[in-house]
Participant: 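This is the structure I have questions about; it appears just below.
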2 protein chains.
Amino acid sequence: MISTRGRYAIRVMIDLAENGSEGAYIPLKDIAERQGISKKYLEIIVKDLVSAGFLVGASGKGGGYKLCRKPEEYTVGEIIELMEGPLAAVACLIDGAAPCPRASECETLPLWEEYDRLTHDFFYGKRLSDLVR
Amino acid sequence: MISTRGRYAIRVMIDLAENGSEGAYIPLKDIAERQGISKKYLEIIVKDLVSAGFLVGASGKGGGYKLCRKPEEYTVGEIIELMEGPLAAVACLIDGAAPCPRASECETLPLWEEYDRLTHDFFYGKRLSDLVR
DNA sequence: TTATTTACCTATTGACATAGTAGGTTAGTA
DNA sequence: TACTAACCTACTATGTCAATAGGTAAATAA
């Protein structure tokens, strides 16, 4: 299940792509109102997008947020994985996790691997520009 | 993320398909040992499989569990949905849930719908017999 | 009939994640 | 100097996950 963190993050990015023409900074308040999401909660989400270098923020009057790249240069997959952690169907498939000692005999592992590839290809094949009206 | 409930349920079903030849009842203790999973925890999972009519249990000496259908007559999707609830990527797509008031203007909904179809088709296209060695 | 085996039942626990809220400080602009 | 907006830390309620604990009921083999 994709949580609100990931879903709201994508909506913020789309909002910026649609309303942030010519590199203007868009106040979070405006985004929150347009999207019908609590501004306070969006602050938490946007903070992570800034840390990751997906957005840049500017303080003070006339400040706000804007995209760092062109919409076609963001994939939906990287946004989701940033906000939610690895896009893995099962814990055994998370990179860097302790490898499952039953992996070699596990009859379900190939199933999860196949689903994992499907999911990964789907979300990394979608770009922010594909979602903008 | 598929939790242990769903994953263990599938492994129990595979174990029964492989070891329960000729309609014999297989004790949960044996399954737990073969699979390396706590028997106590499996009891909870197996209980749901019985309630749903996927398995049948027999008490007493010589008892245990067995499949009710042939392995090719179970889909992985129905097992997962039984154990984990709807296989939906986002809350707005759960059947019977309160419909999202923003659905008509939501720019991300088509994305989740497409992913949902992909996931559904994948898991309902896989059968228990596909996982048995 | 008795002992054994096995399913079946209810309750509880610790750890963690989710979805926020609350209240303040810093930075930049008009 | 007033205002705006980002930025920061902390807190909380609710729920889910992954089990564990300790029993009762049913069926069979000796």
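Naming convention: chains lettered A, B, ... in sequence-line order (proteins, then strands); numbering from 1 in each chain. Quick caveat: nothing in here was measured; it's all calculated off a predicted structure.
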Participant: NZ of A:Lys66 versus C1' of D:dA5: gap in Å, rounded?
Facilitator: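 After rounding, the reported distance stands at 16 Å.
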Participant: Nearest to the side chain of A:Pro27, heavy atoms from C-beta on, is which of D:dT20, D:dA5, D:dA29?
Facilitator: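 Shortest atom-to-atom distance from the side chain points to D:dA5.
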Participant: Taking ring pair (Phe, Tyr, Trp, His ring centres under 6.0 Å) as the cut-off, I'd like each qualifying pair that reaches into residues 81-103 of chain B, sequence neighbours left out, listed once.
Facilitator: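 Qualifying pairs, neighbours excluded: none.
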Participant: May I have the distance from B:Met83 (atom CE) to D:dA19 (atom P), rounded to whole angstrom?
Facilitator: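 That distance rounds to 13 Å.
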Participant: Salt bridge check: are A:Arg127 and A:Glu73 linked by an N-O gap of less than 4.0 Å?
Facilitator: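 No.
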Participant: Only pairs at least two apart or in different chains count here, so list each ring pair (Phe, Tyr, Trp, His ring centres under 6.0 Å) that has a residue in residues 41-62 of chain B.
Facilitator: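 For residues 41-62 of chain B, and leaving out neighbouring residues, the ring pair (Phe, Tyr, Trp, His ring centres under 6.0 Å) pairs sorted by first residue read B:Tyr8-B:Tyr41, B:Phe54-B:Tyr74.
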Participant: Which is more 5' along DNA chain C, the nucleotide nearest A:Thr4 or the one nearest B:Lys29? Just name the residue.
Facilitator: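 With A:Thr4 and B:Lys29 compared, the 5'-side residue is B:Lys29.
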Participant: Which nucleotide of DNA chain C is the first, and which the last, in the 5' to 3' direction, to come under 4.0 Å of a heavy atom belonging to chain B?
Facilitator: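 The protein-touched segment is C:dT5 to C:dC9.
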Participant: Flag the pair B:Arg11 and A:Glu107 as a salt bridge only when some basic side-chain nitrogen lies within less than 4.0 angstrom of an acidic carboxylate oxygen.
Facilitator: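 Between A:Glu107 and B:Arg11 there is no salt bridge, as every charged N stays at least 4.0 Å from the carboxylate O atoms.
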Participant: Using a 4.5 Å cut-off on heavy atoms from C-beta on, say whether the side chain of B:Leu49 contacts that of B:Leu82.
Facilitator: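 Heavy-atom side-chain distance check passes, below 4.5 Å.
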Participant: Under the rule for salt bridge (Lys or Arg N to Asp or Glu O under 4.0 Å), what residues qualify as partners of A:Glu78, not counting sequence neighbours?
Facilitator: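 Here the qualifying residues are A:Arg69.
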Participant: Minimum heavy-atom separation for A:Ala9 to A:Met83, with atom names?
Facilitator: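 The pair with the smallest heavy-atom distance is CB-CG, 3.6 Å.
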Participant: Applying a strict under-4.5 Å side-chain criterion to I, L, V, M, F, W and Y, I'd like to know whether B:Leu55 and B:Ile44 cluster together.
Facilitator: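 Shared cluster, yes.
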Participant: B:Tyr25 OH to D:dT28 C1': how many Å, rounded?
Facilitator: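 From B:Tyr25 OH to D:dT28 C1': 14 Å.
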Participant: Sorted by first residue and then second, give each ring pair (Phe, Tyr, Trp, His ring centres under 6.0 Å) pair with at least one member in residues 82-117 of chain A; sequence neighbours left out.
Facilitator: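 Qualifying pairs: A:Tyr115-B:Phe122, A:Tyr115-B:Phe123.
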Participant: Rounded to whole angstroms, how far apart are OH on A:Tyr41 and P on D:dA13?
Facilitator: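 Atom-to-atom, A:Tyr41 to D:dA13, this comes out as 17 Å.
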Participant: For A:Leu42 and D:dA5, give me the distance from atom CG to atom C1', rounded to whole Å.
Facilitator: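 Nearest whole value for this atom pair: 14 Å.
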Participant: Between D:dA18 and B:Ser38, is there an OP1 or OP2 to side-chain N/O distance shorter than 4.0 Å?
Facilitator: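 For D:dA18, OP1/OP2 do not have a side-chain N/O of B:Ser38 under 4.0 Å.
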Participant: With the criterion being N/O to N/O and under 3.5 Å, what pairs connect the protein with nucleotides 7-11 of chain D, and how long is each?
Facilitator:
unit_1	atom_1	unit_2	atom_2	d
D:dC7	OP2	A:Tyr65	OH	2.8
D:dC7	N4	A:Glu43	OE1	3.3
D:dC7	N4	A:Glu43	OE2	3.2
D:dC8	N4	A:Glu43	OE1	3.1

Participant: Taking the nucleotide of DNA chain D with the closest heavy atom to each, which residue, B:Gly62 or B:Glu84, is nearer the 5' end?
Facilitator: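 So the residue in question is B:Glu84.
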